[in-house]
Amino acid sequence: MTTVLIDGNNFYASCEQAMDPALRERPLVILSNNDGCVIARNSKAKSLKISMGQPLFKIRGTLESLGVEIRSSNYALYGDMSRRFMTLLKDHCEELEIYSIDEAFAKVKRPASKDLHLWAKNLRTLVYQSLGLPIAIGIGTNKTQAKIANHLAKTIAHHAGLFDFEVVHNSEYWLELIAIENIWGIGPKLAHWCRMKGIKNALQLRDMPSSQLKAKCGVVGLRLQSELKGISCLPIITKQKKKKETCVSKSFKHSITSLNHLKQAIATYTVLASEKLRKQQQFAGTITVFIRTSSFTPSFYSQSATERLNMHTNDTSILLATSLRLAEKVFQPNHLLRKAGVIMQDLINNDYLQLHLLQKYSCEKESRRERLMQTIDKLNKRYGRNTVTWATCGLNPKWSMRRDYLSAAATTQLTQIPIAKA
DNA sequence: TCTGGGGTCCTAGGACCC
DNA sequence: TCTGGGGTCCTAGGACCC
């Protein structure tokens, strides 16, 4: 069995293009939450040298003069496209690890001919025909090699979206082409450290003294180096691990200075976080609420408060009572708050709660509350988020996220289905 | 004026135990 | 002035990922 990494090219941009094919002919960028900065670009935008992470307010003029299309991020659409994408992949791989919204590791059997070109070509065609998404496929003996192969599949044009590390003869040549910054597991700090030591590419990293790497970044570095040498250290994880904590946090459209607005925001995030817990079939034992001002000003201020619950729960009302109390505790007037969040911690799973549940179900009030939560979740799933919510969240609050360039929830809302013109 | 959100893993160091 | 050895658990902080 060999390891592959399959991912969607320019995933968010490709999702937008799949729903509005006219965008394929135009340069296109996707913005982060709150329309903050560029987080995805299609190939036309890339060729105009629009770089990742640029704040919109700095490049708005340039984008306009170049005729670049802009979209706010539409996670309802990307999440649903991702689900469809992964479903297709599951049918064509032996094992699948969904690694992120747009990529998956998998195990694939190599045919007698050793040649996986046909398999890859068919998969690329299937995904494009079914979803309109272009993908790249990297093949190697382990995850790190598959990642590198995937990078080459995208950068070497004539490889047509596929690179098989196990069948190339001159692997050292290809490793040397991979800049140190582009290696999976090497972030900005480590890349800088490597450059200082004269290590500029994957080949040099593979061959540098292990002791130095161990001293700098522990076993993580050693594992990475071993994988470059062809030894598998990182397993494919097919069963999704239960989360240890879950967080909802967002920046505000305008700075918040009143306790009332902060409580609306914290309530809104708590409602979402509780919904997440129920979806994950988990219960929180601890809640943290945090607030912060803009990290781009010298007077940066941040504060958090934590409270342990008497009993683990995923009941929105109980969690709300606690998080609103924490909001009052952390609130400071005279600070221009830009961001706040709620973290659910000390999570336990359904099965660990059996004893509690027995107690709970013996209590009519508790089981009625469980049914109430289930009903609210169902209504919101069917008729859209916030169909039923809590009044403390506020109605159309002024601080809520900016999304000026939002496309339709074309695959998840009946009212927003695209209309084909004859 | 305006700069994302949600995670994981690892390590060091302190508190505490016998 | 001098003060053991071996262990666990927890937390904070740093690094990384997409």
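Keep in mind that this is a model prediction, so the values were computed, not measured. In what follows, chains are A, B, ... by sequence order, proteins preceding strands, each numbered from 1.
For the pair R292(A) CZ and dT3(B) P, the computed distance is 14 Å after rounding to whole Å. In this structure, the CG atom of N33(A) is 15 Å from the C1' atom of dC2(B), given to the nearest Å. If you measure from atom CG of D35(A) to atom C1' of dT1(B), you get 15 Å, rounded to the nearest angstrom. Going from atom CD1 of I237(A) over to atom P of dG7(B) covers 17 Å, rounded to whole Å. Between the P atom of dG4(B) and the CG atom of L56(A) lies a distance of 12 Å, rounded to the nearest Å. As a whole-Å value, the separation of K143(A) NZ from dC9(B) C1' is 13 Å. The distance from atom CZ of F296(A) to atom C1' of dC2(B) is 11 Å, rounded to the nearest whole Å. Protein atom CD1 of I343(A) is 14 Å distant from nucleotide atom C1' of dT8(B), rounded to whole Å.
There is no side-chain donor-acceptor pair under 3.5 Å between E166(A) and T141(A). In the model, S251(A) has no side-chain atom that pairs as donor or acceptor with a side-chain atom of N34(A) under 3.5 Å.
Pairs of residues two or more places apart, or lying in two chains, that qualify as salt bridge (charged side-chain N to carboxylate O under 4.0 Å, His left out) and include a residue from residues 194-203 of chain A are E181(A)-R195(A). Identified under the salt bridge (charged side-chain N to carboxylate O under 4.0 Å, His left out) test for residues 134-145 of chain A, with sequence neighbours left out: E97(A)-K143(A). Contacts classified as ring-ring contact (aromatic ring centres under 6.0 Å, His included) and involving residues 321-344 of chain A (residues at least two apart or in different chains) are given here: Y301(A)-H335(A). For the salt bridge (charged side-chain N to carboxylate O under 4.0 Å, His left out) condition, the pairs that include at least one residue of residues 275-292 of chain A, sequence neighbours left out, are R278(A)-D377(A).
Residue-to-nucleotide proximity on DNA chain B shows that, of G218(A) and N34(A), the 5′-proximal contact is made by N34(A). Taking for each of K244(A) and R402(A) the nucleotide of DNA chain B with the nearest heavy atom, the 5'-most of the two is the partner of R402(A).
Closest contact between the side chain of V248(A) and the listed nucleotides dT3(B), dT8(B), dG6(B) involves dG6(B). Among the nucleotides dG7(B), dT3(B), dC9(B), the one closest to the side chain of K241(A) is dC9(B).
A distance-only check finds no donor-acceptor pair linking the side chain of N10(A) to the backbone of A13(A) [under 3.5 Å]. Q225(A) contributes a side-chain N or O that, together with a main-chain N or O of R206(A), makes up a donor-acceptor pair within less than 3.5 Å. A donor-acceptor pair is defined here as one N or O able to donate and one able to accept, closer than 3.5 Å; no such pair exists between the side chain of D164(A) and the backbone of G140(A). The backbone N or O of L320(A) lies less than 3.5 Å from a partner atom in the side chain of S323(A), making a donor-acceptor pair.
Contacts of residues 249-280 of chain A with DNA chain B (heavy atom under 4.0 Å): S249(A), K250(A), S251(A), K276(A). Only R338(A), K339(A), listed by number, bring a heavy atom of residues 335-342 of chain A to less than 4.0 angstrom from any atom of DNA chain B.
Legend: residues meeting ring pair (Phe, Tyr, Trp, His ring centres under 6.0 Å) with Y75(A), ordered by chain and number and at least two apart, are Y12(A), Y78(A). Applying the ring pair (Phe, Tyr, Trp, His ring centres under 6.0 Å) rule to H159(A) yields the partners F163(A), W174(A); only residues at least two apart in sequence or on another chain are considered. A search for ring pair (Phe, Tyr, Trp, His ring centres under 6.0 Å) contacts involving F85(A) returns nothing, not counting sequence neighbours. Take F11(A) and apply the ring pair (Phe, Tyr, Trp, His ring centres under 6.0 Å) test, not counting sequence neighbours, and it matches no residue.
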A correct 5'-to-3' footprint of nucleotides 10-18 of chain C, with B, S and - meaning base, sugar-phosphate only and no protein heavy atom under 4.0 Å, is -----SSSS
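A sub-4.0 Å separation between OP1 or OP2 of dT8(B) and a side-chain N or O of K243(A) is absent.
Nucleic acid contact for T246(A): sugar-phosphate only, since backbone atoms but no base atoms lie under 4.0 Å from a heavy atom of the residue.
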Each base of DNA chain C marked ( ) or [ ] if paired in-strand (Watson-Crick or G-U under 3.5 Å), | if paired to another strand and . if unpaired gives ....||||||||||||||
